[in-house]
Amino acid sequence: MAWYRDNCRQLPWRSDISVYRVWVSEVMLQQTQVKTVIPYYIRFMETWPDLKDLAATGLETVLKTWEGLGYYARARNLHKAAGIVVRDMGGIIPDDYKGFKNLPGVGDYIASAVLSITGSKPHAVVDGNVKRVLARLLCVDAPVNHSAAHKAYKAIAEKLLYEKDPGTYNQAVMELGALVCTPKRPDCGPCPLAGECCAYEKQVTDIFPRRIKKKKVPTVHIAAGIVKKKGKVLITRRKLDGLLGGLWEFPGGKVEPKESSEQACIRELREETGIEAGNLQFLTRVFHAYTHFKIEMDVFFCDYISGRVLLNGPIDHKWVSVDQLHQFPFPRANLKFMELIRG
DNA sequence: AACGCGGGGTT
DNA sequence: AACCCAGCGTT
């Protein structure tokens, strides 16, 4: 606790503390590093300073602010939860664990973090940092990236919780994991727990925490078309659930075996949007990595030939001028060639 | 309990 | 290239 007091970082969500501000920060910080989150968080809070502001806006606007941050279900769930609180709960965010965790997008971690930090409720958080610190401190064998091990770490964390100030305690463990007890080459010298750390005493900090091996990720070939018609281009909107849910993109899809990118582009445009396109001109190839697969995407300019748009897959479409593209939320893989379209 | 879900930084 | 990150929802 003393170490945290002297060494904690000044972060935007650590001033003007409120349930709403801490909640938003915890949602953004899921699987996302502090440095990445900071500019998104500042912009979000400037746009929607209060929960009621967020509830009063449209999902597309929220997704646009979230564009590039990833895990877009977080934005959809947060927006939905804001609506529930404002319309069904009189604007009062539940201050009990069960009530708060029942909101969409709020799991054990966020409920424990928000309620301990903003309300001193006695719940221990278990995130990647906490698991790593505990695994080293006690030489815990349970693999940290195995779902079955979560309960074991949660139980340890609950037992160690400092109930007089759970919020500071939780943040102290996480901050220690982020700044000192790092995944590679932990800085054990200044660590306040070095004297009681099992892994440090045995000089095995490099083999804790244990983890199970992950499979390697396949590469998928994709073709996408920027269809031009009367000075406008066609964009489609992905369904609201699943990968990149609710975002806009240039239509396209998988390149099948023994199929060229050009053939795949024409075929996918026909299947997804019902239109015929031709006169393809290669624009660029984009490489992009997701968690479970990688894509190589060939992007083509092409001309609209015939047909009326009849969607099969996408939930919406628009013909827009190039100047309007920035108004819509796109996946990062599309943003990578957005600059080239004007040329 | 396993799996899907982004994107970026570090090593 | 592999690993990691202030996890959650669905099945």
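The chains referred to below are lettered A, B, ... by the order of the sequence lines, with proteins before strands, and numbering in each begins at 1.
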Lys/Arg-Asp/Glu bridge criterion (N-O < 4.0 Å) met for [X], [Y]:
{"X": "A:D108", "Y": "A:K154", "result": "yes"}
{"X": "A:D241", "Y": "A:R76", "result": "no"}
{"X": "A:E60", "Y": "A:K64", "result": "no"}

### Task
Go through C:dG7, B:dA2, C:dC4 for me and flag the one nearest to the A:H146 side chain.
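Ranking C:dG7, B:dA2, C:dC4 by closest atom to the A:H146 side chain puts B:dA2 first.
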### Message
Just to be sure I understand the geometry, which residues of residues 12-26 of chain A put a non-hydrogen atom under 4.0 Å away from DNA chain B?
### Response
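DNA chain B contact set from residues 12-26 of chain A: none.
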### Query
So, is A:R76 near the phosphate of C:dG9, with a side-chain N or O under 4.0 Å from OP1 or OP2?
no
### Task
Describe the nucleic acid contact of A:D241 in one word from base, sugar-phosphate, nothing, applying a heavy-atom distance below 4.0 Å.
nothing
### Message
What contact category does A:V106 fall into here, base, sugar-phosphate, or nothing, at under 4.0 angstrom with non-hydrogen atoms?
### Response
sugar-phosphate
### Whole-angstrom distance between B:dG6 and C:dT10, as gauged at atom P
14 Å
Which atom pairs, one a donor and one an acceptor, fall under 3.5 Å between side chains of residues 33-51 of chain A and the rest of the protein, sequence neighbours left out?
residue	atom	partner	partner atom	Å
A:Y40	OH	A:E67	O	2.8
A:Y41	OH	A:R21	O	3.0
A:T47	OG1	A:R43	O	2.7

#### Entry: Nucleic acid contacts - residues 154-181 of chain A versus DNA chain C, non-hydrogen atoms under 4.0 Å
A:M174, A:E175
### Message
Check for me whether the distance between the ring centres of A:W66 and A:Y71 falls short of 6.0 Å.
### Response
no
### Query
Are any of the side-chain heavy atoms of A:R285 and A:E296 separated by less than 4.5 Å?
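With C-beta onward as the side chain, the pair touches.
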### Query
Which letters describe nucleotides 5-11 of chain B, given B = protein heavy atom under 4.0 Å from base, S = only from sugar-phosphate, - = neither?
BBBBSSS
### Message
Taking transitive links into account, so neighbours of neighbours count too, which hydrophobic residues share a cluster with A:V227 at under 4.5 Å side-chain distance?
### Response
A:L234, A:L269, A:I275, A:Y304, A:V309, A:L311, A:W319
### Task
If you link ILVMFWY side chains whenever their heavy atoms are less than 4.5 Å apart, which other residues fall into the same cluster as A:I266? By chain and number, please.
A:L280, A:F282, A:F300
